[in-house]
Every structure is written in structure tokens, then in C-alpha cells.
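See structure below.
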Amino acid sequence: MTHLADQIILLLAALLLIAVLSTKFSTRFGMPALVLFIAAGMVLSHFIYFNNASLTQIAGIFALVVILFEGGMQTSMKDIRPILKPALSLATLGVLLTAVIVGVFAKFILGVPWAESFLFGAIVGSTDAAAVFSVLGGKNIDKRLTSTLEAESGSNDPMAVFLTVSLIEWVQHPDTAVLRLVLSFFWEMGVGLLVGIIIGKLAVYLINRINLDSTGLYPVMAVGFAVLTYGVSAMVHSSGLLAVYVMGLVLGNSELMYHRTIMNFSHGFAWMMQIAMFILLGMLVFPQELAAVAWQGLLLSVILMALARPLGVFLSLLLSRFSFREKTLISWAGLRGAVPIVLATYPLLAGLPHGRLFFNVVFFVVLTSAVIQGTTISPLASRLRLVGREQASQPSLMELVALGKTDSEFNHIGIDRQMAISGMQIAEIGLPDDILFTAIIRNKTIVTPHGSTVIEPGDTVYVLSPKSKREEMRAIFRSGLGRAAETDIPTV
């Protein structure tokens, strides 16, 4: 038994390393890494028999909690505020329209009742945050478009989950009142939003004020709050995924102790959960069953990519200011990933007659979407002339790092041209005696601060100051022509 355990551990280690190294391959070809992780799971299924949909669903939901939390943490409210309305329209009306259109075709292609055909449409109706973040992360596509796609993918999962659960209930209980389902939608979204904001604010307050013995515990605490957010939301029958994303937004856009440390941990943990989730999902699939639904899966995938998604996007963005070219790219960049596959386990566990058929077809649709759309987003963006716009060289940031149980802290602050001290010598700033510039990072080199050192745009200044003088320290870096400027420095 011990020998078998050692072999399994060795196999998992090899899979983990191969998965990490494969991301270089996926980045080069623009293909979401999830395809390679799923393939690894399908290969592994030849050696280890796995058919536990319940465990896969639990692991998938936990992974989505971590992924959405990390996605919310790295989303800047400054970037999404101008595109919030179209993103929400895509996340709600766009998902609904896509689900209805796919459902109509699924009725005839899969030969299932209407209620179940719309259930299939709901399962594949949402885009996937992990896939969209991984594909768009390294592309020089217009920031307004990437922000829209990321905000949509981070916020449309709750709509897909609601539609899926509601339609399963409708299939099992055809006499369910439609009005009750509509009221349930507003309850889930409204309460989920409220829970995310409240626990997010609570997490910021506690993280900034508690003194833990190890700095490594702060990221664990943040992830713990994310899981708590989902749990509390589920207990009050609201949207846990929406609550987690909003909670991540609150943390990511607040002045937070150990902000960069929490971000780095969350980013690595999200990758870890993606790898584990997709490998498990790959193990749950039997390749011979995929071959049996190949033509249905391919036809529905083409309908989803070429008809349903574009119609959903163009109709939901009818009143937006996006151009035809921009809407075309948004349509094509609606990648499917883990969310549809995880949602496909719902009818499987509910014991619906076509549960296994749905899971296999959804799996096929996700794979073709990831391979075809994932590899062609960048070339299409170039052809539509939506790439190559100048990106900001370095965002302003403030990173607070407390020094144990002392009353001092380090601040890492990015300098931009609008800050009052940009272009000034340190001696001219007039720093208080207990606020000290300890180092400056400039062009990947460390500059030792002296009185004659000039603060330049793009610098990252490390500041040591008492916690009690945090606002006084921040006032030094405010934007504007002088210290009295009211605009505060942005935080990341």
C-alpha cells in the first residue's frame, strides 16, 4: 500500500511539473492552458479509474472560488468603472440570449425535451474567467476590451448557475412558478452582492489591524475570507460566486496590508487550483464516449461560436458605444472553460436522463472553443486593428508591509508624472524626521536615496514610516501641482 501511495505521489508530482511547464507552450500558441491540463487528466484516466462526479463538483466549486477571488483582486475599479454597464449587460442579458439560442438548436440536435434543451444552453451560456484571464493576460489588446471581457467573465457565472439550477428544478418539478424563480434571481444577485461587500470590508479591516506572527499567514487569511464569503452566501441562498468576486474586488481596490504578498499567493494558488480542477475534469471523461457525440458536439460548438454568442453580444450591447469591430472581437473572445464543465455535473448528480449526454457534449464544446477561439483571438484582434495601443509602463501602487508588532511599516509606492514629488530632489521634499526613503527601484536597479537624488516617473520608492503617520506619508505622494492636491494616489 505504501509503495502504491509513493507511485501516486510521484505521478502527481510529474503531472504538476508538466502542467506548469506546459503553460509556456500554451502562451506561445495562444491556447488556454486548460486544454493541456484536461488532456493530462484524460491520459491519467487510463491508469487511474475515476468516476466521482460529486467530488469533481466540490473541487470545481472550490477552485472557482479561488479563481474568482484572484480575478477580483487583480481587477481595478478604475478600469472597469467606464465599462461596467456593458459588462453587466453581457453577464446577464448576453448569457440569457446565448442560452436560449443554443437551447433551440440543442432541442433538435440532441433530441431532448424543450426544458432540457434550454438547460443545456444555460450550462454553456457563460464565459470562463480562468480561460479569459489566461488568454488575454499577455496580449496587447485594447484595455477597454480586455477589461470588459474580464469583468464579464468574472460576473456572468452567477447567471449561468442560476439558470442551470432553476431549469433543473423546472425539469424535475414542471409546476414550479416562474414568478418564484424571477424573485429568486433578484434575491440571489442582490444578497450575493451585499455579502461580498460586507465581508470584503470586514476582511480589509481585520487584515490591516491584526498582528500575526508570520507574514505568510495574511494570504491564507485572505483566502479564508473568500471561502467564508461563499459559505455565508450559500447559507442564505444567494450567489456565492458573485459574492466572492465582489469580495475580491473590495480587497484588491483597498489600501491593504501585505497587498502584493496576498496577490502573489492568490495568483499561484489560483493556478494550482486550475491545474487540479482541469485534471480532475479530464479524468471524469471517457474518450470513447466523446467520440460517440463528436458530430453533435462539433455542430453545437460552431452554433455557439458563430451564431449564439455573436447574437447575444450584439443584442446586449445594442445601446453601448462599442464599434462593430470591437463587438466582433468580444463575440469571438467568449471562451468556454471550467464553469460549463462544472455546471454539467449538476444534471449528472441530479439523475436527469440525459445527464451523461450533456456532460460529454459540454466537454466537447469546451475543448473546441478553447482550441479554436483561444488560438485565434490574437490574430483576429490584429486583423481588426485592436492591438498595439500604448500600455501604461507602470501603475502607481502602494504596498503596505507591517514590521511585526512594531508601530512602523514599509510602503512600496509607484511614482507617476502627476505626483507632486515627481522630478523633485529628496532634499526639496522636506520629509519629516520619522519618514524615511530607504530605497528606490529604477529600471530594475536599486538606487540608494540621497538628498540630491531626483524622484523620477516610473520609480518605485520604499518608505519607512510610523503607522500613526500613514496619512501624512500618503499626502507626500498625492497627485497634482502641490501637496495640497486633493486627488489621492491610486492603489492596486
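One is the number of the first residue; the rest follow in order along the sequence.
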Working to the nearest 0.5 angstrom, can you tell me the gap between Ile440 CD1 and Ile446 CD1? 11.0 Å
Return yes if some donor-acceptor pair links the side-chain N/O of Thr438 with the main-chain N/O of Tyr462 below 3.5 Å, else return no. yes
If you count every heavy atom of other residues, nucleotides or ligands that lies below 6.0 Å from Asn51 atom CG, does the total exceed 12? yes
Nearest-0.5 Å distance that lies between atom CG in Leu304 and atom CG in Leu299: 11.5 Å
Point-to-point distance, once rounded to the nearest 0.5 Å, from OH of Tyr258 to CZ of Phe265: 15.0 Å
Is a side-chain donor or acceptor of Glu188 paired with a backbone partner of Ser239 at a separation under 3.5 angstrom? no
Student check: side-chain heavy atoms of Ser320 and Lys327 closer than 4.5 Å: yes
If the plane angle is over 60° it's perpendicular, under 30° parallel, otherwise tilted; pick one for Trp271 and His267. perpendicular
Short side-chain to backbone donor-acceptor contact, Tyr218 and Leu212, under 3.5 Å: yes
Report the C-alpha distance between Leu290 and Asn360 in whole Å, list the side-chain angles of each, state the deciding distance to 0.1 Å, and finish with yes or no for side chain to side chain contact (heavy atoms under 4.5 Å, CB included). CA-CA 6 Å; Leu290 286 184; Asn360 290 329; 4.3 Å; yes
Please check this pair: side chain of Arg144 against backbone of Ile80, looking for a donor-acceptor N/O pair closer than 3.5 Å. no
Check whether any side-chain heavy atom of Thr75 sits under 4.5 Å from a side-chain heavy atom of Tyr245, and report yes or no. yes
Closest heavy-atom pair and its distance - His259, Ser254: CD2-O, 3.8 Å
Taking atom OG1 of Thr229 and atom CD1 of Ile198, what is their separation to the nearest 0.5 Å? 10.5 Å
Checking Ser45 side chain against Met42 main chain: does a donor-acceptor pair fall under 3.5 Å? yes
Beyond-backbone contact of Thr215 with Thr261, side-chain heavy atoms, under 4.5 angstrom: no
Of all the heavy-atom pairs spanning Ala350 and Ile168, show the shortest one and how long it is. CB-CG2, 4.0 Å
Ile330 to Arg309 - nearest heavy-atom pair and separation: O-NH2, 2.9 Å
Does the side chain of Phe358 come within less than 4.5 Å of Leu352's, by heavy atoms? no
Report yes if the side chains of Phe359 and Leu284 come closer than 4.5 Å at any heavy-atom pair, otherwise no. yes
Checking the side chain of Ser89 only, and the main-chain atoms of Ser316 only, is there a donor and an acceptor separated by less than 3.5 Å? yes
Would a distance-only check, ignoring hydrogens and angles, find a side-chain to backbone donor-acceptor pair under 3.5 Å from Thr345 to Val342? yes
Write down the atom of Leu88, the atom of Ser155, and the distance for their closest heavy-atom approach. CD2-OG, 4.4 Å
Any side-chain heavy-atom pair of Pro457 and Asp416 under 4.5 Å: no
Give, for atom CG of Leu228 and atom CE of Met247, the distance between the pair rounded to the nearest 0.5 Å. 8.0 Å
Side chain to side chain contact (heavy atoms under 4.5 Å, CB included) partner of Ile38, the single match among Ile341, Ile279, Val285: Ile341
Do Met159 and Phe185 come within less than 4.5 Å of each other through their side chains, counting heavy atoms only? yes
Could you tell me the separation between the CG atom of Leu90 and the OG atom of Ser126, rounded to the nearest 0.5 Å? 12.5 Å
Taking side chain as C-beta onward, heavy atoms only, is Val461 less than 4.5 Å from Ile415? yes
Judged by atom type as modelled, is there a donor-acceptor pair below 3.5 Å linking the side chain of Asn52 to the main-chain atoms of Ser54? yes
Under the criterion side chain to side chain contact (heavy atoms under 4.5 Å, CB included), I'd like the reasoning laid out for Ser266 against Phe69: C-alpha separation, chi angles, the key distance, then a yes or no. CA-CA 8 Å; Ser266 301; Phe69 168 67; 3.4 Å; yes
If only atom types and distance count, is the side chain of Ser166 paired as donor or acceptor with the main-chain N or O of Leu163 below 3.5 Å? no
Which heavy atom in Val204 sits nearest to a heavy atom in Leu256, and how many Å separate them? CA-CD1, 3.9 Å
Looking only at heavy atoms, the pair that brings Gly297 and Val361 closest together is CA-CG1, 4.0 Å
Side chain of Asn253, backbone of Ser76: donor and acceptor closer than 3.5 Å? no
Between Met221 and Leu206, is the side chain to side chain contact (heavy atoms under 4.5 Å, CB included) condition met? List the steps. CA-CA 10 Å; Met221 187 179 186; Leu206 292 177; 3.9 Å; yes
For Leu281 and Phe37, run side chain to side chain contact (heavy atoms under 4.5 Å, CB included): C-alpha distance rounded to whole Å, both residues' side-chain angles, the deciding distance at 0.1 Å, then the answer. CA-CA 9 Å; Leu281 292 171; Phe37 302 156; over 6 Å; no
